[in-house]
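Some notes on the structure that comes next.
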Amino acid sequence: MTETWRLFAGIFGVLIIATVIAQTLRWRVAKWQPHSVIDNLTARINAWWAMVLLIALAFFFGKGGVIVLFALLSFLALREFVTLSYTRRSDHLALAMCFYVALPVQYAFVWIEWYGMYSIFIPVYGFLFLPIIAALRSDTTHFLVRIAEVQWALMLSVFCLSHVPALVTLNIPGFEGRHLFLIAFLVIVVQSSDVLQYVWGKLFGKRKVAPELSPSKTWEGLIGGVASATALGAGLYWLTPFSPLEAAGIALAINVMGFLGGLVMSAIKRDLGVKDWGHLIPGHGGVLDRLDSVLFSAPVFFHIVRYGYTP
């Protein structure tokens, strides 16, 4: 409990400082008048307050709270993806199966800690039966595109994201009762990497990494952000069963995966012709905009821990 208080005290301390800075900028720079940059910053900080409070509430209820929270996030993310995808009336049954069968069953398997099923349920049975259901409707117009988009939506929004609460199911000797800290480590490190890449990019960024996909991402931002977040991960080793050096190496791996995941999600958005996945979170876009890096880093982090730190 002491470590939990330390963790959230630190997070709330950072948010308080950020809020004071934002309000000072509104007073000294904007003179309490509308200012696009400062208003966007304030909206982002307010959104972070809401998200941190939501996570803190989930942590209060333990394993059940975390699983319910991420199941809800999966539902919202899946809805965002499907809303922007090309679908037809004949796809409604397959989509209903995604929302009301595949999603709750995946999280039920996580709840009962059945690794053998939640690790294959969607990538095997979901991928086999969804096209079967769609094919039985006898609508072949853009069939491959339609079913591939639904499969991708299910894979990213549900399967990948479910690996975050699945961390609480791992049997790590000497780490009993502290599994929620693994989730905290993953989310803090990966999300900090996103923020720090933005800051480093704004301060020193010149060379674009992938200008056609994400014009704001630079090599300077990438290197500075990943290095800083990796150092942060090393400093947070006390949340984990890792040594400081192991925490740094794992943080580096998930930060790189998070960056690459962001590029993939940007490529999908460019293909769909949208800037954001949604508008649910003021200043942040949609749920997928906030979780894009976590989607790719969570399965990697989960399996590093499972095969490196469990019997």
Side-chain angles (χ1 to χ4, degrees), residues 36-37 39-41 43-44 47 51 72-99 102-103 122-123 126-127 130-131 133-135 137 139-161 190-191 193-195 197-198 201-202 205 207-219 221-222 225 257-298:
S36 60
V37 175
D39 290 344
N40 181 265
L41 174 64
R44 285 173 175 264
M51 288 187 286
L72 175 61
L73 291 175
S74 280
F75 184 91
L76 296 173
L78 184 61
R79 186 181 66 173
E80 289 178 353
F81 204 122
V82 169
T83 298
L84 295 177
S85 300
Y86 174 72
T87 58
R88 292 168 61 84
R89 182 182 297 272
S90 58
D91 297 318
H92 288 180
L93 179 58
L95 292 174
M97 296 295 288
C98 289
F99 281 97
L103 190 158
I122 288 176
F127 270 48
L130 279 177
I133 294 170
R137 305 304 295 272
D139 184 353
T140 60
T141 303
H142 301 299
F143 179 83
L144 182 59
V145 172
R146 286 160 37 214
I147 198 61
E149 288 185 349
V150 174
Q151 288 175 325
W152 259 92
L154 192 61
M155 188 72 174
L156 292 174
S157 303
V158 181
F159 178 73
C160 288
L161 192 57
V190 174
Q191 293 295 322
S193 180
D194 284 350
V195 174
Q197 286 174 42
Y198 175 81
K202 286 296 183 182
R207 291 175 286 274
K208 307 292 186 182
V209 176
E212 297 299 323
L213 297 182
S214 185
S216 64
K217 295 185 184 296
T218 64
W219 283 107
L222 169 61
M257 284 303 300
F259 172 79
L260 296 175
L263 283 184
V264 171
M265 298 302 281
S266 293
I268 297 174
K269 286 191 291 185
R270 296 296 177 270
D271 182 46
L272 295 174
V274 297
K275 180 180 181 293
D276 296 318
W277 286 100
H279 306 285
L280 180 65
I281 308 173
H284 287 263
V287 172
L288 283 171
D289 293 294
R290 192 67 270 139
L291 294 177
D292 53 3
S293 54
V294 174
L295 298 180
F296 280 71
S297 58

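We use all heavy atoms of the structure for the numbers below, so side chains are in, but hydrogens, waters and symmetry mates are not. Everything quoted here is computed from the prediction, not taken from an experiment. One is the number of the first residue; the rest follow in order along the sequence.
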Does the [X] side chain pair with the main chain of [Y], one donor and one acceptor, at a distance under 3.5 Å?
X: Ser293; Y: Phe259; answer: no
X: Glu149; Y: Phe81; answer: no
X: Glu80; Y: Val287; answer: yes

Assess whether atom CE of Met97 is packed by more than 12 heavy atoms of other residues, nucleotides or ligands within 6.0 Å.
no
Rounded distance (nearest 0.5 Å) linking atom [atom1] of [X] with atom [atom2] of [Y]:
X: Leu291; Y: Trp277; atom1: CG; atom2: CH2; value: 12.0 Å
X: Leu73; Y: Leu288; atom1: CG; atom2: CG; value: 10.0 Å
X: Leu295; Y: Leu156; atom1: CG; atom2: CG; value: 6.0 Å
X: Leu272; Y: Thr83; atom1: CG; atom2: OG1; value: 11.0 Å
X: Arg137; Y: Arg89; atom1: CZ; atom2: CZ; value: 9.5 Å
X: Leu130; Y: Leu93; atom1: CG; atom2: CG; value: 9.5 Å

Just to verify, which of Thr141, Asp91, Thr140 counts as forming a side-chain hydrogen bond (donor to acceptor under 3.5 Å, both in side chains) with Arg146?
Asp91
Specify the closest pair of heavy atoms between Ser90 and Asp139, including all atoms of both residues, with the distance to one decimal.
OG-OD2, 2.8 Å
Any side-chain heavy atom of Arg207 sitting closer than 4.5 Å to one from Thr218?
no
Does the distance from a Lys or Arg side-chain N to an Asp or Glu carboxylate O, for Asp289 and Lys269, drop under 4.0 Å?
yes
